[in-house]
Structures are given as C-alpha cells and as structure tokens.
Amino acid sequence: MSRTHYQRVAPTLSAFLILAFAWPSLAPSQEATPDASQDSNAEVAAEPVGRKRTAIILPFESDINPISGALLKRRFQDAVESGEVDVIILDINSPGGFTFVTFELMDMVLEAKNVETVAYIEKDAISGAALLALSTDTILMKPDARMGDAGEIVMGQDGAFRYTEAKSRSVLAQKVRDTAAATGRPVALAEKMTDKDMVVYSATNTNTGETRFLSDKEHASMEDADQWELGRPIREAGKEMFFTVNGRRAVELGMADQTVSGRDELARVLNVSTPIPVVEGTWVDALVMFLNFKFVTFLLLLIGLIGLATELSAPGLGVGGVVAVVCFGLFFWSRFLGGTSGWLEVLCFGIGILFIGAEIFVIPGFGVAGIAGLTLTLGSLVMASRRFTMPGGTGVDWNALGTDVTVVVGAFLGFLVAAMILASYMGSIPGLNRLTLQAEVDSSGVTLTDTTPSWQRVQLGQHGTTVSPLRPGGRIQVDEMMVDVVTEGDYVDSGQTVRVIAKQGARVVVRVVVDAPTSEA
C-alpha cells in the first residue's frame, strides 16, 4: 500500500474503530427505553425458571391406618389427575402405623407422574411416616423436626411390643433400599432406619478418593472391600439404635434437601405461588372417620340387626327395614371409602340375609341355611372392617382382628339382649305392639268397630282371597277388609282362596283352601 493511499484510508479506518468501541456507551440504555424494558420482561416471562409453579398442601397428621391411608390416596390421586398442580406437598406429622398401608402410600408417591412430590416435615415423621417422606422427590424440614426410627414392631400375646421376625424385616429393608436408590438418598442410612443391628460408617475409596456411607454388613459383602477404608461411625447410626435425625443433621447427611423456617420459605424454595392452598379433609372424610370409630360401629351394627329382625318378623317393608338399610348402608359405605371393604363383603352379607330369610319363611326349623346365613352375615361384617392381605407375607394383625371380631360379636350379643327386652315390653308400647309376636287371644268378648285394625277384626277360620302374591307375605281381602298376612312358608299366587289358621298379635297366618274355586280377575 502506498503512503498516499494509507493517508486517505487511515482517517476513515480510525473513525470506524473509534465508533465501534464507543457504540455501547453512545447507545440508549435499556432501563431508560420503555420498549427495551418490555422486550426484557417478555424474555423473562418466556423463561420457564421464572414462572411461579402451582402447588397444594395435603396435611397428613394422623397415624397410618387403612382409613387415613385411603383418604390420603383419594386426595392425592385427585390432585394428580386434575393436571393443574405442579407440586404436591405432603405436610407430614405422623408417628407411622401399618406397614402394608405405608407400602401402598410409598408406591403411590413413587409412581406419580408429571408432578413433583415434596415431604414437608414441621415436627415428626417417625416410622412409616419417615418412609413415606423417603419416597418423595424433595424433603424439606424445619431445623428441629425429626425423621427416622422406622423399625417394625408387633404386639405379642402378652401385650408387649417385639421386633418383628426376620422375614418381615427383610421385606421392609429391601423396600427401603429400593426407595432410597430411586430418590437418590444414602441407601445405608435409609436402611439403618429399619435395622438396629447394623452400623453405618463414612467410608473412603483409597484409589479414587470417593466417599460414601457404608454399613458394616454391606462392607463385609463387597468384593473390593479392601479398597474402602471405614472411618468413624455415624453417631446416629450406631449399634442398637434406629437412625433418627433432626432437620439440620438430615441435610448434612444428605437425607433431606434443605431446612426451611416455615411455609413462606417453603414456597420460595420451591418457586410456587403463594399462598399455597391447603386441601383439608371434607365433611365426607370426617363422616367416614366418625363412622369407623369402634363404638359408632357397634351402635350401627346393633341398631341395624334390631331393625332387620323387626322387619323379618312382620310382612311388608316397614320402619325396621328402613332402619336396617340405613345402618348397614352407612357401615359398608364408610368401609368402601375407608379402603377395607369391597363388593365381595356386600355380596356375602346379602347372601347371608337371604339364607336367614329362607330359614325363617321357607325351611322349617333352624338348620344348615340358618347357620350358613348367620356365618356369612357376621363374617362379612368382620371382613369389611379389616384388611387381611398384607405384602411380603407379614401375616395378619391378630390383635386388631380380635378387636373387630369383638365389636361384631358384641353387637350381635347386644342384639339378642335387646330382642328379649323388646319381646317382653314392646307389646305394651303404643304403635310398636304390631311388631311383636303375641299369644293367640279370644276376641269374642272384644267390641270391634270400623276403626279397629283389620288384623284384629279378622277371625280364625275366616276365608279370604289373595289380592297379591304371598311370598310368603302379602295381602288378602276378607269381606271389605284388606289384611296383611303370611303363609306357613309356601308361595301363593294372587286370586287364591285362603283360610285364616292362626293369629299371633299382628301376625295373621293363612293357608290355601284346597279345591276352592279361584277368583276371576
């Protein structure tokens, strides 16, 4: 390039370089320009990280039992299926409870799709509640909250609690190991919550420098055990103790993700909108819990059995039948929603009632049908109160089963006592004397009027015509009277001539007149 040419181009090139370096300072700032500010906000709004997520809180502040577990499952599944919730927060404050219900809740949380599950522990998540928290994606705790102590115990026949048998403990330990591995938490510490005999150490690989938690059992079974140097044992995971930690220590050991001071910080950490809606139990949940109280169950069964017996003692559908339907309907409905009953129990109950009815009205005496009906009826009530299938072959909780059997049998015995009392006194109570079986009386000296009930005016030996089928109860017409009657157990079609053969209070018994002409319709 010639010197003259350089002198012409140099000023232009210098001006271009100066303008290029000076342009950022000469350009208008974005904060001072409304349009630039709007573009910036639009970019932030489009960024998924800046969007506040939607969340709900499901409180769980009771022991883990079939009823509370079923109610929590129903609320949890409703939230997942709604598709409107990004985060489901389980506010856990529970001492734990039934192992098989805990397993079901853990599987429910682990299998939840398209939502983040969070365990928020303000006070205590002990035993099965700690395992439920372990199955969530995120665990947030208050600094002094506690989690752990998930050893499985049972009550012996002497009333003392004991460590469960090895078979049951093995199933529980494997479930906990799998859950911890799936949620990315220390497997050894998680297992230590269920096993008091093992000891957990902080171990270092001498070749790679990797550190991890190892139990003495796990270390002894490793092929490269010589490469792992065991340090000091974790103080909360020593011999003869179940792993239990507070919030601060849980975060240090990797069992919890973070400590929070309350729900405001909880919302900030999870980046969810505030206030977070709390899904409290509805009146239906409260009613189900109330109807599952043992004393309320006893009253439902007692009143239902009395109503059923009253209905079977008189023809037609009366007050006793309505009371029985309401009581047993509430009983099975509450067990359906409580997760302890299904259609099998209802079917067994219905078949039992049919057998008892057949024994009373069709089959003379009290034999196989009556015993089978009574067994099916009482057995179905016990079955509807208890879950018998338990995972891992952990067997049946005989103490809880004994309580349920006591409630059902107690209600039945109470019914027998009430039946004897009613049989003695109900005949003298106005309005209820029609529901009792009374001895035959001679009505020849009684003054009868048009307002006297038809069952009282009809006489032994009178003939009448059936106006409805007798199955075995129905109605007949005697002169101008319509009378509710029953047969001796036989089916009688309408239009047949029958004769009154017995009267027991309001119960009028008839028999078909053989070779009598039938009435034309």
Side-chain angles (χ1 to χ4, degrees), residues 65-71 97-98 100-101 284-313 317-361 363 366-390 395-422:
N65 58 67
I67 306 301
S68 63
L71 297 179
F98 288 86
F100 72 97
V101 180
V284 174
D285 298 335
L287 181 59
V288 169
M289 294 291 290
F290 175 75
L291 293 177
N292 276 274
F293 288 148
K294 300 302 180 185
F295 182 70
V296 177
T297 298
F298 172 81
L299 291 180
L300 278 179
L301 298 182
L302 176 60
I303 298 173
L305 288 171
I306 294 174
L308 182 62
T310 303
E311 182 63 27
L312 293 176
S313 67
L317 179 63
V319 176
V322 173
V323 170
V325 169
V326 170
C327 289
F328 289 118
L330 287 174
F331 173 82
F332 283 107
W333 173 76
S334 63
R335 267 58 186 181
F336 258 93
L337 293 186
T340 59
S341 177
W343 287 110
L344 174 62
E345 289 79 5
V346 177
L347 181 62
C348 290
F349 181 80
I351 294 175
I353 297 300
L354 291 178
F355 278 4
I356 294 175
E359 187 72 28
I360 294 175
F361 297 113
I363 305 172
F366 190 79
V368 175
I371 296 175
L374 189 61
T375 302
L376 282 172
T377 301
L378 298 182
S380 64
L381 297 177
V382 175
M383 292 167 58
S385 303
R386 177 63 34 196
R387 291 277 296 276
F388 291 95
T389 303
M390 297 188 181
V396 176
D397 188 343
W398 294 106
N399 293 287
L401 176 60
T403 301
D404 292 325
V405 172
T406 301
V407 170
V408 173
V409 174
F412 181 72
L413 295 178
F415 153 71
L416 294 179
V417 173
M420 291 187 292
I421 296 175
L422 291 175

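Phe328 contributes atom CZ, which lies 7.5 Å from atom CZ of Phe332 (distance to the nearest 0.5 angstrom). With rounding to the nearest 0.5 angstrom, the CG atom of Leu374 is 4.5 Å from the CZ atom of Phe412. The CZ atom of Phe293 lies 10.5 Å from the CD1 atom of Ile67; values are rounded to the nearest 0.5 Å. Atom-to-atom distance recorded for Leu301:CG and Thr377:OG1 is 11.5 Å, nearest 0.5 angstrom. Atoms CG and CE, on Leu378 and Met383 in that order, are 12.5 Å from each other to the nearest 0.5 Å. Rounded to the nearest 0.5 Å, atoms CD1 (Ile303) and CG (Leu308) are 13.5 Å apart.
The two residues Ser380 and Glu345 come nearest to each other via the heavy atoms CB-O, 3.4 Å. Counting all heavy atoms, side chain and backbone alike, Gly307 lies closest to Ala324 at C-CB, 4.0 Å. Leu291 and Leu330 make their closest contact through CD1-O, 3.9 Å (heavy atoms, listed as atom of the first residue, atom of the second, distance).
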For side-chain contact (heavy atoms from CB on, under 4.5 Å), just list the numbers for Arg335 and Thr297, CA-CA rounded to whole Å, side-chain angles, deciding distance to a tenth of an Å, and then say yes or no. CA-CA 10 Å; Arg335 267 58 186 181; Thr297 298; 2.7 Å; yes
Asn292 vs Val296, side-chain contact (heavy atoms from CB on, under 4.5 Å): CA-CA, chis, key distance, verdict: CA-CA 7 Å; Asn292 276 274; Val296 177; over 6 Å; no
Working for side-chain contact (heavy atoms from CB on, under 4.5 Å), residues Val407 and Phe295: CA-CA 8 Å; Val407 170; Phe295 182 70; over 6 Å; no
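Residues Ile371 and Phe355 form no side-chain contact, since every pair of their non-hydrogen atoms from C-beta on lies 4.5 Å or further apart.
Separation of the Phe98 and Phe100 ring centroids falls under the 6.0 Å cut-off.
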